[in-house]
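Hydrogens, waters and symmetry mates are skipped; everything else that's a heavy atom, side chains included, is used. The chains referred to below are lettered A, B, ... by the order of the sequence lines, with proteins before strands, and numbering in each begins at 1.
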Amino acid sequence: MNFSEIEKKWKERWKKEEVFKTDVWDFSKPKFYALDMFPYPSGVGLHAGHVEGYTATDVVARMKRMQGYNVLHPMGWDSFGLPAEQYAIKTGNHPDGFTEKNIQTFKGQLLDLGLSYDWSKELATSDPKYYKWTQWIFANLYKDGLAKLVDMPVNWCEELGTVLANDEIIDGKSERGGYPVIRKNMKQWVIDIPKYAEELIDGLETIDWPESTKEMQRNWIGKSIGALVKFKVKDTDKSFDVFTTRCDTLFGATYCVLSPEHVLVDTITTKEQKKDIEEYKKICASKSDMERTELNKEKTGVFTGAYAINPVNNKEIPIWISDYVLATYGTGAIMAVPAHDERDYEFALKFGIDIIQVLEEETGTKQENETKKNSIVAILYDEETDKYLTLNWGNKGGRLFIGGTIKENESAIDCAIREIAEETGYTEIELVKELPKINHHYYAFNKDKYFNIESTGFVFKLVGKNRQDQNLDDDEDFKVEWVEKDAIEQITDELHHKTYEYYVNDGAMVGDGIHINSEFLNGLNKNEAIDKMIAWLEEHKLGKKQVNYRLREWIFARQRYWGEPIPVVHMEDGTIKVLKDEELPLVLPELKDYSPCKNGTSPLEKATDWVNIKVDGQNAKRETSTMPGSAGSSWYFLRYIDPNNDKEIADKKLLKHWMPVDLYVGGPEHAVGHLLYSRMWNRYLYKKGIAPTEEPFQKLVHQGMVLGANGIKMGKRYPEFSINPNDIIREYGADTLRFYEMFMGPIEADKPWSTKGVEGAKRFLDRVWRLYESDKIKDVDDKSLEKIYHQTVKKVTEDFESLHFNTAISQMMIFINAVYKEEVFPKKYALEFLKLLNPIAPFMTEELWEKMGHDKTIAYETWPTYDADKIKEETYTMIVQVNGKVRGKLEVDTNTSKDKMEELSKEIPNVKNHIDGKSIVKVIVVPKKLVNIVVK
RNA sequence: GCUUGCGUGGCGGAACUGGUAGACGCGCACGACUCAAAAUCGUGUGGUUUAUACCAUGUGGGUUCGAUUCCCACCGCGAGCACCA
């Protein structure tokens with residue numbers, strides 16, 4: 001088979017005859033919209049990962065066409081981007097030419113692959129005919145209050161005079177030059193995507209997407225339900241709100257923290273604290289986001305000198321500032337409950353702030369008529385031997401730490417010291433820490449009573465080995481033993497085990513439990529208490545229920561040249577005017593020099609004639625920032641449907657017919673960027689009556705990464721393991737490349753490249769080719785292949801539909817192997833098989849189809865159907881198990897009754913061996929499958 | 001740390017709602033064709049074992065007549081998020 005000649009021939013013919021051109025106005029057939037994430041046309045060209053995703057949609061598109069669908073399968077270019085801009089800066093040429101050249105390279109490669117795109121729908125985001133509508137959408141977002149200019153903190157480098165992205169900052173200094181970077185408030189264009197947070201979460205329920213991607217979007221949006229609580233500042237008329245998801249712990253709030261940027265900080269700070277606060281604020285401002293969020297960093301903060309009033313008990317609690325509270329989340333202020341929050345705990349410990357426990361974990365089972373007691377559990381640790389002191393109660397309770405009941409007028413700590421001395425004799429001990437209290441229910445054998453105790457845990461360390469005499473009660477019968485960690489972990493008693501856990505985990509108690517020290521919440525669990533507290537706060541007008549999102553505004557401006565100009569002008573009087581529809585597109589001006597301005601503003605500032613204009617007789621200045629790369633890609637799926645329309649985004653009737661996208665394939669790296677932005681823009685356009693569906697992409701699939709043969713990501717690091725699709729096409733042919741990539745494994749998985757595997761793919765296609773050149777194909781009615789043929793049609797159709805290309809191919813191999821074993825390959829099967837193989841290997845199947853006497857393309861031939869009756873088996877292999885182990889197999893008629901199955905099973909010699917002399921306990925018969933005989 | 005996905009032969013990977021683990025391919029071995037090689041066409045191929053049999057789906061438990069599949073704990077790998085109150 002001369003694949004390069006065949007490929008050349010069919011590429012030309014498909015192009016000349018416009019075989020894959022879609023008449024979008026033909027509504028007579030059902031529609032299918034198969035879409036790939038369009039690429040940035042880089043100079044490097046296509047890589048192996050693109051091939052996999054693009055082939056997958058192409059296979060489905062080709063099958064759907066044959067199944068009688070009107071298929072829209074377009075391709076275009078996400079052509080605004082940095083490489084073109086850098087090229088322009090370096091050469092002084094307009095990025096347009098560079099972009100166009102890359103597009104041609106890319107397009108040539110896609111054509112080489114035999115992808116059945118309708119190129120009459122081609123679009124590019126950098127084309128003014130296209131970005132006219134990107135600007136139009138922006139203008140409408142602005143008019144509807146969803147695009148706005150806001151003051152927000154950015155990373156500012158004074159020396160470079162520019163805003164920097166997080167990844168351009170290293171250790172708080174600029175990547176280039178190492179100049180200091182500070183946080184500064186600046187005017188920025190943003191899109192108010194948080195307004196759509198709720199419906200973006202809800203919409204996920206209605207679409208067929210990978211669960212992991214949905215979850216990622218949910219996490220990204222980060223919805224949390226809680227309460228807003230108002231705290232008054234003592235001796236002033238000021239107050240501030242905090243957001244909390246744990247308003248049930250309000251009685252345990254022992255301080256408040258404001259973020260350093262909080263508006264109230266300056267007004268409430270006392271004279272004595274002013275200097276420290278100012279200094280701390282300065283340090284925070286000099287830090288980048290990266291540094292501020294660095295993990296395992298020790299907590300820092302400064303006391304403002306002011307006090308807040310806890311609204312539930314009117315207690316005065318200190319107000320601190322700390323950078324562990326983010327200005328951008330919630331209200332920028334928190335109430336701190338160190339007993340029940342890890343971060344607050346750490347902070348309180350460091351600065352010696354009170355820790356009040358308001359929730360107790362409950363262990364054991366609650367009983368009626370319990371006797372209440374207070375007690376202790378004491379852990380005594382010896383550093384020298386790395387052992388713990390335990391009491392071994394034998395079968396009367398197993399191994400325990402030291403425990404005991406608190407006497408009247410005795411403190412918990414005194415009780416612990418006393419119990420250790422009485423039960424073990426050790427007195428030379430030192431308190432290490434107190435652990436959270438636990439609410440425990442248990443039954444005491446020696447007293448025959450149920451107890452409910454509040455147990456306080458203590459950790460001591462041994463400082464001396466001297467012992468006094470033990471002082472035991474009559475019923476105390478145990479051995480005092482020092483044991484290692486392993487033995488401790490085997491303690492089964494719930495109370496002692498839990499106490500040990502608190503000791504090991506060393507922190508706040510964040511789980512559920514029963515409220516204590518909380519007045520009207522006492523006795524309630526977490527959720528009950530949250531509800532009750534919210535009701536209480538609302539009743540007393542001190543707070544209310546509140547939902548918060550992590551999702552932030554989408555920063556929509558870049559100080560770059562190669563992007564869509566933002567279509568607004570700034571009037572001399574400070575107002576903003578958005579361009580009218582007829583003024584669009586606002587086309588990028590040509591520049592002599594595309595490099596960025598020294599003061600950090602957009603290169604467009606240099607186009608003075610373009611920038612400075614008169615509007616309504618007033619001096620005005622155009623906005624010079626451009627839109628981010630994600631702008632043009634947020635709606636392109638709508639434009640493919642009607643790409644040359646200059647009256648609107650696309651004809652409404654066409655949109656209604658073609659949306660949503662039925663199959664969307666692309667890499668998982670866009671899970672929260674492009675895929676979230678697109679959903680938001682589509683929803684916005686839906687509300688405006690333009691987009692016909694709430695969600696743009698009905699079914700989404702991510703292709704995995706194609707790894708190098710060494711199992712490592714292809715790229716600069718191991719260039720010797722990188723695969724260039726061009727080389728594969730030249731050496732093995734496009735059909736082989738497509739076939740191999742579809743056979744590698746599941747589409748979503750990452751898979752290593754294997755040259756041997758490519759050769760195997762080629763071998764199979766050659767094997768098929770030889771079969772069609774042999775004299776085996778005869779126009780006769782031969783039944784030998786009937787069953788396997790129908791099975792193959794069924795399997796391939798279903799697997800293509802569900803994107804399980806690897807197993808579809810495996811079935812085609814099974815079929816061809818079967819054909820090789822037969823003398824005759826009936827012509828009707830030979831013809832139908834070509835159709836099954838066509839979506840994977842379009843070039844050779846077109847050629848063979850022609851060789852078998854057809855002058856029209858195979859692309860629109862009717863997809864094979866199967867006859868379920870022909871697949872039905874008359875017999876099957878019945879499995880016979882004894883005690884779940886296969887002991888025999890028997891070919892039986894499909895209609896064999898359960899009784900007959902059982903009877904036949906018992907006659908199999910090997911089965912007999914295994915059941916003879918044993919009694920049959922039970923026989924499980926699963927019709928059409930197996931018999932399992934359970935014996936004893 | 002949190003969220004999520006994944007651990008099956010020498011390798012890529014199959015196995016539907018629990019029911020013959022390892023389909024198909026790669027590799028390897030053997031045979032046919034050939035003077036020979038390549039290509040091609042067959043046959044075999046998880047491990048131990050002479051067969052019977054036993055052991056095998058990351059590890060350890062559990063549910064079940066029966067678990068790669070369901071549940072619990074742990075280990076390892078990948079992805080995303082990361083002081084989100």
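- Phosphate contact (OP1/OP2 of C83(B), side-chain N/O of Ser322(A), threshold under 4.0 Å): absent.
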Pairwise N/O distances under 3.5 Å, protein to nucleotides 71-73 of chain B:
none

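- Evaluation of the side chain to side chain donor-acceptor pair (under 3.5 Å) test over residues 666-678 of chain A, restricted to residues two or more places apart or in two chains, returns Tyr664(A)-His674(A), His674(A)-Ser678(A).
- Among Gln881(A), His914(A), Lys906(A), the one residue that satisfies the side-chain contact (heavy atoms from CB on, under 4.5 Å) test with Ile933(A) is Lys906(A).
- Among the protein residues, Leu930(A) comes within range of the nucleic acid bases, having at least one heavy atom under 4.0 Å from a base atom.
- Taking atom C1' on both A15(B) and A23(B), the two are 8 Å apart, rounded to the nearest angstrom.
- Nearest to the side chain of Thr807(A), among A85(B), A14(B), G80(B), sits A14(B).
- If you check every strand for non-hydrogen atoms under 4.0 Å, Ser224(A) touches sugar and phosphate atoms only.
- Between Asp341(A) and Lys751(A), the residue anchored nearer the 5' end of RNA chain B, judged by the nucleotide with its closest heavy atom, is Lys751(A).
- Counting only heavy atoms from C-beta on, Val886(A) has its side chain closest to U20(B) among A82(B), C65(B), U20(B).
- Of the candidates C24(B), A14(B), C81(B), the closest approach to any side-chain atom of Trp220(A) belongs to C81(B).
- Distance noted for atom C1' between G22(B) and A56(B): 11 Å (whole Å).
- Ring pair Tyr255(A)/Phe351(A): centre-to-centre distance not below 6.0 Å.
- If you check every strand for non-hydrogen atoms under 4.0 Å, Asn219(A) touches sugar and phosphate atoms only.
- Nucleic acid contact class of Val926(A) (heavy atoms, under 4.0 Å, all strands): base.
- Within the structure, salt bridge (Lys or Arg N to Asp or Glu O under 4.0 Å) contacts touching residues 208-231 of chain A (residues at least two apart or in different chains) are Glu198(A)-Lys223(A), Glu205(A)-Arg218(A), Asp208(A)-Lys699(A), Glu211(A)-Arg218(A), Glu215(A)-Arg218(A), Lys230(A)-Asp241(A).
- Every pair passing side chain to side chain donor-acceptor pair (under 3.5 Å) that includes a residue from residues 701-712 of chain A is listed here, sequence neighbours excluded: Thr213(A)-His702(A).
- Between Phe743(A) and Phe805(A), a ring centre-to-centre spacing not shorter than 6.0 Å is recorded.
- Residues satisfying the salt bridge (Lys or Arg N to Asp or Glu O under 4.0 Å) criterion with Lys872(A), sequence neighbours excluded, are Asp869(A).
- Among the heavy atoms of the strands lying under 4.0 Å from Asp750(A) are primed sugar atoms or P, OP1, OP2 only; no base atom is included.
- With 3.5 Å as the limit, one finds a donor-acceptor pair spanning the side chains of Tyr329(A) and Ser224(A).
- For Lys756(A) and C11(B), a side-chain-to-base donor-acceptor distance below 3.5 Å is absent, hydrogens and geometry of angles not being considered.
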With the criterion being N/O to N/O and under 3.5 Å, what pairs connect the protein with nucleotides 52-59 of chain B, and how long is each?
{"unit_1": "A53(B)", "atom_1": "OP1", "unit_2": "Asn910(A)", "atom_2": "OD1", "d": "3.3"}
{"unit_1": "A53(B)", "atom_1": "OP1", "unit_2": "Asn910(A)", "atom_2": "ND2", "d": "3.4"}
{"unit_1": "C54(B)", "atom_1": "OP1", "unit_2": "Arg887(A)", "atom_2": "NH2", "d": "3.0"}
{"unit_1": "C54(B)", "atom_1": "OP2", "unit_2": "Arg887(A)", "atom_2": "NH1", "d": "3.0"}

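- Here, U8(B) and G13(B) have their P atoms 9 Å apart, quoted to the whole Å.
- Looking only at atom types and distance, the side chain of Thr55(A) has no donor-acceptor partner in the side chain of Glu741(A) under 3.5 Å away.
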Write down the protein N/O and nucleotide N/O pairs, taken from nucleotides 39-46 of chain B, whose separation is under 3.5 Å; answer none if there are no such pairs.
{"unit_1": "U40(B)", "atom_1": "O3'", "unit_2": "Arg770(A)", "atom_2": "NH2", "d": "3.0"}
{"unit_1": "C41(B)", "atom_1": "OP1", "unit_2": "Arg767(A)", "atom_2": "NH1", "d": "2.8"}
{"unit_1": "C41(B)", "atom_1": "OP1", "unit_2": "Arg770(A)", "atom_2": "NH2", "d": "3.1"}

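- Checking G80(B), G19(B), A85(B) against the side-chain heavy atoms of Ile924(A) singles out G19(B) as nearest.
- Under the rule for a side chain to side chain contact (heavy atoms under 4.5 Å, CB included), the partners of Lys794(A) that lie at least two apart in sequence or sit in another chain are Glu798(A), Tyr866(A), Ile871(A).
- Partners of Lys898(A) by salt bridge (Lys or Arg N to Asp or Glu O under 4.0 Å), not counting sequence neighbours: none found.
- Checked by atom type and distance alone, the side chain of Asn910(A) pairs as donor or acceptor with a backbone atom of Arg887(A) at under 3.5 Å.
- In the model, Tyr740(A) has no side-chain atom that pairs as donor or acceptor with a side-chain atom of Asp735(A) under 3.5 Å.
- Comparing G66(B), C24(B), U20(B) against the side chain of Lys889(A) picks out U20(B) as the nearest.
- Take the nearest nucleotide of RNA chain B for Asn806(A) and for Gly330(A): the residue whose nucleotide is more 5' is Asn806(A).
- Taking only distance into account, the side chain of Gln881(A) meets the base of G19(B) through a donor-acceptor pair shorter than 3.5 Å.
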RNA chain B base-pair string [pairs: Watson-Crick or G-U under 3.5 Å; |: paired with another strand]: (((((((..(((......[....)))((((((.......))))))(((....)))..(((((..]....))))))))))))....

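- With its glycosidic angle more than 90° from 0, G12(B) is assigned anti.
- As judged by a 4.0 angstrom heavy-atom cut-off over every strand, Thr245(A) is placed among residues touching the sugar-phosphate backbone only.
- When heavy atoms are screened at a 4.0 angstrom cut-off, Pro668(A) is found touching no nucleic acid atom at all.
- Residue pairs meeting the side chain to side chain donor-acceptor pair (under 3.5 Å) criterion with at least one member in residues 916-930 of chain A: none, sequence neighbours excluded.
- OP1 or OP2 of C65(B) has at least one side-chain nitrogen or oxygen of Lys922(A) nearer than 4.0 Å.
- Partners of Lys776(A) by salt bridge (Lys or Arg N to Asp or Glu O under 4.0 Å), not counting sequence neighbours: none found.
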